[in-house]
Trainee: 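Sharing a structure below in structure tokens format, with a few things to ask.
Chain naming here is simple, since letters A, B, ... match the order of the sequence lines and numbering starts at 1 in each.
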2 protein chains.
Amino acid sequence: MSTSRHDTGRPPGHAPERASGSARPVGDPLVATGPAGDPGPAAERLISERGIPEATVGRLPVYLRVLTALVERGVPTVSSEELAAAAGVGSAKLRKDLSHLGSYGVRGVGYEVSPLVAHISRELGLTQAWRVVIVGLGNLGRALASYGGFAERGMGVAALFDADPAVVGREVAGLVVRPMSELAAVVRAEGVVIGVLATPAAAAQGACDELVAAGVTGVLTFAPAVLSVPEGVDVRKVDLASELQILAFHEQRKAADAVRAAAPSGGGARAVARPARRRVGAAR
Amino acid sequence: MSTSRHDTGRPPGHAPERASGSARPVGDPLVATGPAGDPGPAAERLISERGIPEATVGRLPVYLRVLTALVERGVPTVSSEELAAAAGVGSAKLRKDLSHLGSYGVRGVGYEVSPLVAHISRELGLTQAWRVVIVGLGNLGRALASYGGFAERGMGVAALFDADPAVVGREVAGLVVRPMSELAAVVRAEGVVIGVLATPAAAAQGACDELVAAGVTGVLTFAPAVLSVPEGVDVRKVDLASELQILAFHEQRKAADAVRAAAPSGGGARAVARPARRRVGAAR
DNA sequence: TCGACTTTGTGCGCGCCTTCACAAGCGCCT
DNA sequence: AGGCGCTTGTGAAGGCGCGCACAAAGTCGA
Ligand SMILES: NC(=O)c1ccc[n+]([C@@H]2O[C@H](COP(=O)([O-])OP(=O)(O)OC[C@H]3O[C@@H](n4cnc5c(N)ncnc54)[C@H](O)[C@@H]3O)[C@@H](O)[C@H]2O)c1
Ligand SMILES: NC(=O)c1ccc[n+]([C@@H]2O[C@H](COP(=O)([O-])OP(=O)(O)OC[C@H]3O[C@@H](n4cnc5c(N)ncnc54)[C@H](O)[C@@H]3O)[C@@H](O)[C@H]2O)c1
């Protein structure tokens with residue numbers, strides 16, 4: 001459950017204040033390139049004003065990916081039902097999500113795919129290609145750097161950094177790994193605001209501090225460590241071992257349930273396909 | 001935002017029923033090894049009975065990791081305040097989480113570290129080492145297979161599989177990559193119930209089906225694709241590109257806020273360190 | 001032109017999760 | 001032995017997200 005916007009409930013007053021103004025507006029994401037063929041009414045400029053629930057933000061990338069696939073297949077419109085099925089969510093949820101964007105559905109018809117793609121892209125800030133830096137080029141860092149799928153989703157790799165002299169200078173995915181000493185300069189020069197942390201856990205806080213000091217305000221970390229960052233810096237954590245442990249928990253629970261299923265009172269097999277109660281376990 | 005227990009809101013009646021009994025109890029995770037030095041009252045055997053909120057389950061791995069570190073440092077007890085700080089959550093949340101485990105805190109003192117580690121481990125089912133299979137040994141699959149951090153968190157790699165004849169037979173992290181044709185046999189023989197999917201998105205559903213058919217009931221996928229699985233199979237999705245896009249969204253929002261901050265009415269810098277409202281944007 | 005049908009947008013209720021605040025419990029000091 | 005201070009465990013309240021169900025709105029056919 002990767003958290004978002006400083007979910008690291010540190011005690012108040014601990015976070016060093018972010019140097020105000022360190023948020024660097026790379027280009028101008030607001031006054032984006034003219035929307036593809038959408039000469040909507042004037043009140044349309046300020047879409048970004050309204051607040052979007054965090055849960056919705058988390059699903060927008062999924063919708064965007066599905067919609068992009070539809071565009072490539074030449075599909076002109078989709079109903080919320082179809083789109084929701086393709087994205088793996090309920091149709092009501094999808095409609096509500098899109099409604100937060102001040103969406104452009106047509107009753108009785110559905111959503112026009114192309115404008116919707118443009119709209120979500122703009123909302124996510126993908127009218128520009130965000131360039132990120134990767135810190136730590138071990139097993140995982142190299143895999144990330146070599147991954148070709150980021151580009152088509154609006155993300156690009158600007159530079160690679162590592163502290164190990166044996167790694168520095170090596171070429172990974174067409175980029176030369178640079179020493180950490182160059183990090184600040186590159187980040188500032190390229191206007192990078194997002195950094196990916198793939199160092200060992202022990203080095204994560206230090207590397208994170210360097211990223212933040214250089215001007216990065218969004219961090220995606222793979223290190224199993226709690227990161228402390230200033231107010232205004234977002235950290236998203238991906239902890240693969242935790243993910244597996246959570247799966248293990250559920251597997252254990254299923255196994256326990258199976259053992260307990262010695263009393264098949266009532267046709268136990270045919271279960272309703274409803275999402276199954278959230279609270280896990282509780283001896284059914 | 002990786003989902004949990006069939007969050008794929010497919011329309012009801014679509015999910016093919018899982019072959020009942022395919023849940024294989026690997027060992028007996030319930031009647032675990034006697035708790036380390038806790039001769040508590042009789043009503044203690046059935047801890048696993050009570051339901052644990054999914055949100056709590058998601059944090060248990062974090063607590064466990066922090067606690068394990070404390071054990072290694074020889075710390076005997078922690079207060080909820082300290083533990084919460086180390087885990088990056090609020091102390092009230094942590095106490096409530098632990099209370100769901102029927103926890104063993106001592107008022108006025110705190111929690112004993114060792115028993116708590118044992119307790120959480122047992123609850124997560126980590127009294128056994130779960131063995132997983134990895135399907136798809138490209139950039140990411142190799143990184144995962146080579147990762148040494150899983151073992152110390154109760155997860156082990158049982159076998160590797162790939163569809164590409166050029167990859168099959170190669171050795172990765174001491175294991176030989178096997179052809180998909182052997183998947184079912186290995187999964188059954190080793191009693192594997194958890195699979196990791198690291199194939200291209202286009203191949204994910206097919207590979208997932210093979211895993212499920214072989215008996216896997218928990219899947220961790222890295223492919224940006226919606227997976228359809230039978231009832232009873234858990235899928236957790238890790239979508240790295242989405243994570244970056246979510247960060248991009250917040251960066252864009254910060255940039256927009258910064259631009260708008262031309263009117264610094266009232267000392268704007270000193271913000272309260274509280275978690276900051278969830279709803280994003282909404283022109284402050 | 002009108003009516004029937006389709007699909008969106010959303011008001012509403014429900015339940016989970018989080019947070020506050022405090023009483024109860026426990027150890028320690030006197 | 002008794003009181004004091006610290007920390008847990010939890011009752012209660014608030015917020016948020018989700019899904020239902022339906023009115024509004026637009027399309028299509030007659
Ligand atoms: N499959 C995986 O690889 C995997 C799985 C789960 C979690 N993780 C986590 O991801 C992180 C990276 O994993 P990995 O397997 O790539 O580790 P790794 O040891 O292979 O690579 C780490 C890299 O970081 C570099 N580094 C160390 N200290 C640094 C510093 N202070 N500044 C910059 N670079 C520094 C090292 O030189 C090395 O190249 C770890 O925290 C690990 O726990 C990895
Ligand atoms: N850094 C990364 O590597 C990264 C980042 C984000 C997302 N992902 C996702 O993770 C997945 C794997 O990424 P990758 O970079 O390792 O891809 P890759 O192309 O390097 O490797 C994919 C592997 O899967 C194998 N494969 C293909 N079809 C298969 C099938 N039907 N059954 C079994 N194996 C099959 C291929 O032979 C190949 O070895 C992709 O879905 C990708 O989108 C990867």
Side-chain angles (χ1 to χ4, degrees), chain A residues 1 3-12 50-60 76-85 87-112 115-116 272-280 282, chain B residues 1 3-12 50-60 76-85 87-112 115-116 272-280 282:
Chain A
M1 203 151 299
T3 63
S4 63
R5 235 174 151 89
H6 19 78
D7 196 4
T8 54
R10 269 172 280 94
R50 81 189 92 251
I52 301 178
E54 190 59 37
T56 295
V57 174
R59 285 185 291 267
L60 289 182
T77 61
V78 264
S79 68
S80 64
E81 203 74 47
E82 298 167 314
L83 185 50
V89 303
S91 63
K93 194 191 294 191
L94 178 126
R95 285 198 299 276
K96 190 153 286 184
D97 281 343
L98 294 186
S99 78
H100 285 122
L101 306 181
S103 112
Y104 274 68
V106 179
R107 295 168 193 249
V109 177
Y111 299 89
E112 288 183 86
L116 194 49
V272 189
R274 279 294 89 197
R277 269 300 23 89
R278 200 62 164 294
R279 195 162 237 99
V280 174
Chain B
M1 196 146 308
T3 61
S4 63
R5 238 178 148 88
H6 19 79
D7 197 5
T8 54
R10 269 174 277 93
R50 80 188 95 249
I52 300 178
E54 190 59 37
T56 295
V57 173
R59 285 184 293 267
L60 289 182
T77 60
V78 265
S79 69
S80 65
E81 204 74 47
E82 297 167 315
L83 185 50
V89 303
S91 63
K93 194 191 292 192
L94 178 127
R95 284 198 300 276
K96 188 148 284 185
D97 281 343
L98 294 186
S99 78
H100 286 122
L101 306 180
S103 113
Y104 275 68
V106 180
R107 294 169 194 251
V109 177
Y111 299 88
E112 287 183 86
L116 195 49
V272 189
R274 279 293 90 197
R277 267 304 20 90
R278 200 61 162 293
R279 193 162 238 100
V280 175

Trainee: Grab the two heavy atoms, one from B:His100 and one from B:Lys96, that are nearest each other, plus how far apart they are.
Mentor: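 Smallest interatomic distance, heavy atoms only, reads ND1-O, 3.0 Å.
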Trainee: Rounded to whole angstrom units, what separation is found between the CD1 atom of A:Ile52 and the C1' atom of D:dC16?
Mentor: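 Result: 16 Å.
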Trainee: For C:dT8 and A:Ser80 - does any side-chain N or O of the residue sit under 4.0 Å from the phosphate oxygens OP1/OP2?
Mentor: yes
Trainee: Please identify each residue that fulfils salt bridge (charged side-chain N to carboxylate O under 4.0 Å, His left out) with B:Arg95, with sequence neighbours left out.
Mentor: none
Trainee: From CD of B:Glu54 over to C1' of D:dG17, roughly how many Å is that when rounded to an integer?
Mentor: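 Computing the B:Glu54:CD to D:dG17:C1' distance gives 16 Å.
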Trainee: If you pin A:Ala92 and B:Arg95 to their nearest nucleotides in DNA chain D, which one's is more 5'?
Mentor: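 Of the two residues, B:Arg95 wins.
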Trainee: A:Leu98 has an atom CG; how far is it from atom P of C:dG9, in whole Å?
Mentor: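 Rounding to the nearest Å, CG of A:Leu98 and P of C:dG9 are 8 Å apart.
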Trainee: In this structure, how many angstroms lie between the P atom of C:dC17 and the CG atom of B:Leu94, rounded?
Mentor: 16 Å
Trainee: Polar-atom pairs under 3.5 Å, protein N or O versus N or O of nucleotides 26-30 of chain D: list them with distances, or write none.
Mentor:
none

Trainee: Show your working on side chain to side chain contact (heavy atoms under 4.5 Å, CB included) between A:Leu116 and A:Leu83 and close with a plain yes or no.
Mentor: CA-CA 12 Å; A:Leu116 194 49; A:Leu83 185 50; 4.3 Å; yes
Trainee: Under the side chain to side chain donor-acceptor pair (under 3.5 Å) test, which residues partner A:Ser91, sequence neighbours left out?
Mentor: none
Trainee: To the nearest angstrom, how far is A:Leu101 atom CG from C:dT10 atom C1'?
Mentor: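 For the pair A:Leu101 CG and C:dT10 C1', the rounded distance is 15 Å.
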Trainee: Test side chain to side chain contact (heavy atoms under 4.5 Å, CB included) on A:Leu101 and A:Leu60; report intermediate values, then the result.
Mentor: CA-CA 10 Å; A:Leu101 306 181; A:Leu60 289 182; 4.0 Å; yes
Trainee: Taking all atoms of both residues into account, what is the closest heavy-atom pair of B:Arg59 and B:Val89, and its distance?
Mentor: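 Closest approach of B:Arg59 to B:Val89, heavy atoms only: CD-CG1, 4.0 Å.
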Trainee: Can a side chain N or O of A:Tyr111 be found less than 4.0 Å away from OP1 or OP2 on C:dG9?
Mentor: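 Answer is yes, contact under 4.0 Å.
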Trainee: Got a sec, which residues hit side chain to side chain contact (heavy atoms under 4.5 Å, CB included) with B:Ser79, two or more places apart in sequence or on another chain?
Mentor: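 Expected list: B:Glu81, B:Glu82.
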Trainee: To the nearest angstrom, how far is B:Lys93 atom NZ from D:dC16 atom C1'?
Mentor: 13 Å
Trainee: Would you say the base of D:dG17 and the side-chain of A:Lys96 have a donor-acceptor pair closer than 3.5 Å?
Mentor: no
Trainee: Tell me the closest heavy-atom pair linking B:Tyr111 and B:Tyr104, and the distance in Å.
Mentor: CD2-C, 4.2 Å
Trainee: The side chain of A:Ala55 is closest to which nucleotide in this list: C:dC17, D:dT7, D:dC18?
Mentor: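 The listed nucleotide nearest to A:Ala55's side chain is D:dC18.
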Trainee: Starting at atom CG of A:Leu116, determine the distance to atom C1' of C:dT8, rounded to an integer number of angstrom.
Mentor: 13 Å
Trainee: Tabulate protein N/O versus nucleotide N/O from nucleotides 2-5 of chain C, keeping only pairs under 3.5 Å, one per line.
Mentor:
none

Trainee: Roughly how many Å is it from CD in B:Glu82 to P in D:dC6, rounded to a whole number?
Mentor: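 Rounding to the nearest Å, CD of B:Glu82 and P of D:dC6 are 14 Å apart.
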